[in-house]
Every structure is written in C-alpha cells, then in structure tokens.
Amino acid sequence: MVREKQFAYNLIDFIDNSPSQFHATNEVKKSLDNNGFKELTFSDKWNLEKSGKYYVIKNGSAIVAFVIGNGNIEEDGFKLVGAHTDSPTFRIKPNPEIISEKSYLKLNTEVYGGPILSTWFDRPLSIAGRVAIKTDNTLKPKEVLVDLKKPIVIIPSLAIHMNRKVNEGVNINPQTDTLPILTVIGEEFKKDKYLINIVAENIGIDADDIMELDLFLYNTEKGSLIGANEEFISIGKLDNLAMVHAGLNGIIDSKVGKATNVLACFDNEEVGSRTKQGAASPMLRTILERIAISLGKNKEDFYRSLSNSFIISADQAHALHPNYPDKNDPTNKPIINKGTAIKISANQAYTSDSMSIAVYESICKSENIKVQKFVNRSDEKGGSTIGPISSAQLDISSVDIGNPILGMHSIKELGGVKDHYGVYKSFKKFYEI
Ligand code: ZN
C-alpha cells in the first residue's frame, strides 16, 4: 500500500501542477526531459535511432512520446497508450470584463466540454492557460504559459432564501448564472484590459505585447487522499490526467523491447477531438509514419507495422454510485479499487472487442491486476472517448479501458489509490511485452 499511496500522491502533484491542458503537456515534457527523452519538432528532419527516446509537442497542448524498439517495426509494430490532456472547464471570452450594477466586475466565460456546473459554485478559482506574445515574425508569435495561482475569482451561489426550490434541482444558465466575480470597483474604474493587465504583470511583460489569450478557470483547492484507509483520491481532472500520468510513468519505467512504444496525449477530447491536436486529426498517424520513414522503412513496411500494432485507449469509467445503484448496468457494476474497467459498447462507442479484451485481460492477469467490465445501461447513452475516433484514423486493434471513478466531470472527482497503481502496472507490462 505504501508504494500505491506514494504513486497516488505523485498523481495529485501532477494534477495540481496542471491547471490547463497547456500546463499538463508541460508537466509531461518535464518528466520526459528528466528521463532522457529528446524533444523533436514537426519542422525538423528526424534522425531516429533504435532504443532512442523522443517526444514531440503539438499546439503546446498535445504530446506524443515514443521509445524506438530494438526489433523491426514491420514485424514488431507499435504499442500505443492513448489519453487526453483536457478537462471540462470555463474558457474566458475576449473582452471579458462586465460591470454589474456599477459595482461588481465579472468575467464573461463560456463552457468548455461538459462540466457539472453546480460543482463550480463557491470555489476559490484561479485562471491559467497560454498567452500569444508579439514577435518580429508575424507568423510565429511567442507562446508563454500563465498561471495566476492565487484564487482571484469566485462564482457565488444564490442564497436559499432567494430560491427556496434550490434543493429540488436548478436550471443553470451558462451565460448569466456562472460568471465569476473578480472585484468590486470604484467610480473612477476603467475596465478596458483589466484582466490583460493582471496577466501581463504576472508574466512580467508589457500588456501591449499580448496579442491573444487562451485562458481557463480552475479550482485552486488541492487534491487529497480520503477514506478510512486513505483509499480514495479526491481531485479534479482524474478524467483524464490520471491516465496521462499512468501512461507517462509506464513508458518511462518500462524496459525497451522489440516493439516501438508510444504514449499519445491528445487535446480537445472533451469537445469532440476534431482539432489539429485532437484524436480525429492525422497527428498520430503522421508521427508513426515519420518514425517508419526515419528508420529507413517504406510505405509497405509502415502498413505492415500497423497490422502488428495495438492501442490501449485509456479514459476513465463510471463506478457504481452507492447512493444511485440503479444508474449502472444490472450485471456489470465496477467498484472503486476493485480493478481497471474494460469498456464495452454494442454501438462501438468503445473500441473493445473480444479479441482486444482478451489481450488486455492477459496482460493484467500476468501481473495479478484485477479487471472489471463497464457497459452502459441499455436505456442510457454513455460518453465516448478517443478510442473509436483514433481508430478511424489508424486501423489498429484497440481496447478501451479506464478506472472506475465517481462524479465524472465534477470539479472534484473520486477515484481509487489501488486502481491507479494497477493501471500503471498494466501499461508498464504492455510496453515490455
Ligand atoms: Zn475523458
């Protein structure tokens, strides 16, 4: 349990240091740098070597790491783990300053992905993301990460006395009800560029040099272990930074084998993946093909390598909720800390099939890792994931898995200490086969 708890605390630090998908990508990059991986760029020529460790970043928000195997890719193929860096949140709109009743300064926001809106009320929120800064090259602005760190905004609830039906369920309007408050203003107040000035001061540059911003809200409350035996992990973004973290440690800790190991962390899963850094783009396929080319292989070799490859699409699953036991499937009820869930769907919202499930189950069995099955109730439409989307780009055998969690897309989700360590071990083993 000690090793498992240490790994869970390590995950908590990783998520606390990842207030946006740009920061998550940067955290992955830092770990890879510290473990001998070399950064490549899409614009340079790649000269890859067997057993070499590399990574490449797209848009500052997606990252693909790989370790070249010592076999031949046309025979030994690629072994891939896929996950995503983004999580549901609020994005700050351009010209965000709104003055309410000549007194409060609020920020105009829009919803990113599908957060449980009610969980964002009354939290100490901060702002993080990236800033595009003016340079001499019009086509290449400089990219700088920003994290204000301090809890500078909050979305207060309406008092129960002003809405007596609040506990019977409330409609939350994302344009009017969830705008965070930044400050109370005086009569002489100038709202223009108020937020940009705060950001400029934070990153130490002139506000006029800021050209554009991708800013998001996040919860500044730290994650923690919870439960009589500290068996639960309570923190936001378990979906899906926990899988990024497990995959990252898996590829770092595994020994180089014959196959080429790949960890693909896509952005924009929560909004449908259809961006250049999302799973619906050709990004991953291009990277795999460039690996093949750099190793002196031709197109035929590349296609052969795909037929010998396997993807684990890793994204969280829904645990049985003890207060809502009827919400899960009647015969498949994943429980926290009782093993990673294999996700199955007749309509192929998940890629798992009997052949790919058999592969993942064998991996887990060999390491004494428990597995469970997740399927949606037949009268409920579940979520989707990157699995089927990346399968549409890459015709590789694939399984969808994830750890059972509660409160998915809440500002704080609840997962299991044991499950997180278990899935990491399954990735490490997969990479070493
Ligand atoms: Zn997810």
Side-chain angles (χ1 to χ4, degrees), residues 3-40 52-69 78-87 145 223 233 235-257 259-267 269 277 279 283-284 287 311-316 340 363 367 369 385-386 390 401-403 405 415 417 419-432:
R3 179 74 190 94
E4 292 171 355
K5 272 190 197 170
Q6 274 172 356
F7 195 62
Y9 278 121
N10 192 273
L11 167 67
I12 288 172
D13 288 343
F14 176 76
I15 295 180
D16 283 338
N17 290 329
S18 303
S20 76
Q21 58 267 58
F22 303 102
H23 292 82
T25 300
N26 197 44
E27 284 301 295
V28 173
K29 171 187 159 55
K30 281 197 260 174
S31 275
L32 294 171
D33 286 339
N34 289 337
N35 285 281
F37 284 71
K38 271 189 234 148
E39 181 165 10
L40 304 169
K53 300 173 175 188
Y54 307 92
Y55 67 90
V56 60
I57 293 175
K58 184 92 170 178
N59 185 50
S61 62
I63 183 164
V64 176
F66 51 92
V67 179
I68 307 292
F78 297 98
K79 289 210 296 279
L80 303 107
V81 172
H84 65 90
T85 59
D86 62 322
S87 300
L145 295 187
I233 308 169
I235 194 166
K237 302 177 194 239
L238 283 175
D239 172 14
N240 194 15
L241 292 186
M243 287 301 157
V244 171
H245 177 258
L248 173 65
N249 283 281
I251 199 166
I252 285 172
D253 293 348
S254 53
K255 290 190 281 290
V256 185
T260 289
N261 292 334
V262 181
L263 172 68
C265 306
F266 299 100
D267 188 9
E269 190 276 341
Q277 59 278 359
M283 176 181 78
L284 181 58
I287 290 169
I311 300 184
I312 300 176
S313 161
D315 205 348
Q316 304 292 19
T340 296
I363 292 167
E367 290 287 294
I369 303 160
T385 179
I386 55 165
S390 53
I401 61 118
N403 278 331
I405 67 167
V417 169
D419 291 336
H420 186 57
Y421 193 64
V423 80
Y424 149 74
K425 281 204 305 182
S426 79
F427 293 160
K428 181 168 178 282
K429 178 73 187 182
F430 169 60
Y431 281 137
E432 288 180 342

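Owing to the predicted nature of the structure, the values given are computational and were not obtained by experimental measurement.
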*Is the centre of the F427 ring less than 6.0 Å from the centre of the Y424 ring?*
no
*Calculate, to the nearest 0.5 Å, the distance between atoms CD and CD belonging to E269 and Q21 respectively.*
12.0 Å
_Quick check for you: to the nearest 0.5 Å, what is the distance between K237 atom NZ and I15 atom CD1?_
9.0 Å
*asked:* One pair to check against side chain to side chain contact (heavy atoms under 4.5 Å, CB included): Y55 and L263. What are the steps and the verdict?
replied: CA-CA 9 Å; Y55 67 90; L263 172 68; over 6 Å; no
*Starting at OG of S61, measure out to CG of N26 and round the result to the nearest 0.5 Å.*
12.0 Å
_Working to the nearest 0.5 angstrom, can you tell me the gap between L32 CG and I251 CD1?_
8.0 Å
*Atom of S313, atom of T385 and distance for their closest heavy-atom approach*: OG-OG1, 3.9 Å
*What closest approach, in Å, do L284 and A264 show between heavy atoms, and which atom pair accounts for it?*
CD1-CB, 4.1 Å
*Side-chain heavy-atom pair L238, L11 within 4.5 angstrom cut-off*: yes
*Verdict with supporting geometry, V262 and I287, side chain to side chain contact (heavy atoms under 4.5 Å, CB included)*: CA-CA 10 Å; V262 181; I287 290 169; 6.0 Å; no
*Quick one: closest heavy-atom pair of S18 and A24, and the distance?*
OG-CA, 3.4 Å
*Could you tell me which non-hydrogen atom of T260 sits nearest to which non-hydrogen atom of G69, and how far apart they are?*
OG1-N, 3.0 Å
*asked:* I need the F430 CZ to S254 OG distance, nearest 0.5 Å.
replied: 10.5 Å
_Check against side chain to side chain contact (heavy atoms under 4.5 Å, CB included), I57 and E39_ = CA-CA 8 Å; I57 293 175; E39 181 165 10; 3.9 Å; yes
*asked:* So does A314 get a backbone contact from the side chain of N240, meaning a donor-acceptor N/O pair under 3.5 Å?
replied: yes
*asked:* My understanding is that only residues two or more places apart in sequence, or in another chain, count here; which of them pass salt bridge (charged side-chain N to carboxylate O under 4.0 Å, His left out) with K30?
replied: E27
*asked:* Which residues pass the side chain to side chain donor-acceptor pair (under 3.5 Å) test with S426, not counting sequence neighbours?
replied: Y360
*Is a side-chain N or O of S87 found less than 3.5 angstrom from the main chain of D239, in a donor-acceptor match?*
yes
*Under a 4.5 Å cut-off applied to non-hydrogen side-chain atoms, are F22 and N59 in contact?*
yes
*asked:* Just verifying a value: how many Å separate L241 CG and I235 CD1, rounded to the nearest 0.5 Å?
replied: 8.5 Å
*Hey, are the side chains of F14 and V28 touching, using non-hydrogen atoms and a 4.5 Å cut-off?*
yes
*Test side chain to side chain contact (heavy atoms under 4.5 Å, CB included) applied to N403 and M243, step by step*: CA-CA 9 Å; N403 278 331; M243 287 301 157; 3.8 Å; yes
_Please check: side-chain N/O of Q316 versus main-chain N/O of G402, any donor-acceptor pairing under 3.5 Å?_
no
*Check the angle between the aromatic planes of H420 and H245 and answer parallel, tilted or perpendicular using the 30° and 60° thresholds.*
parallel
_Closest approach of T85 to C265 (non-hydrogen atoms, all atoms of both residues)_ = CG2-CB, 3.8 Å
*asked:* Looking at Y431, is its backbone amide N or carbonyl O close enough to the side chain of N261 to form a donor-acceptor pair, meaning the two atoms are under 3.5 Å apart?
replied: yes
*Taking only residues two or more places apart in sequence or in another chain, which ones pass side chain to side chain donor-acceptor pair (under 3.5 Å) with D86?*
H84, Y112
*Find out whether F37 and I252 are in side-chain contact, i.e. whether some heavy atom of one side chain is under 4.5 Å from a heavy atom of the other.*
yes
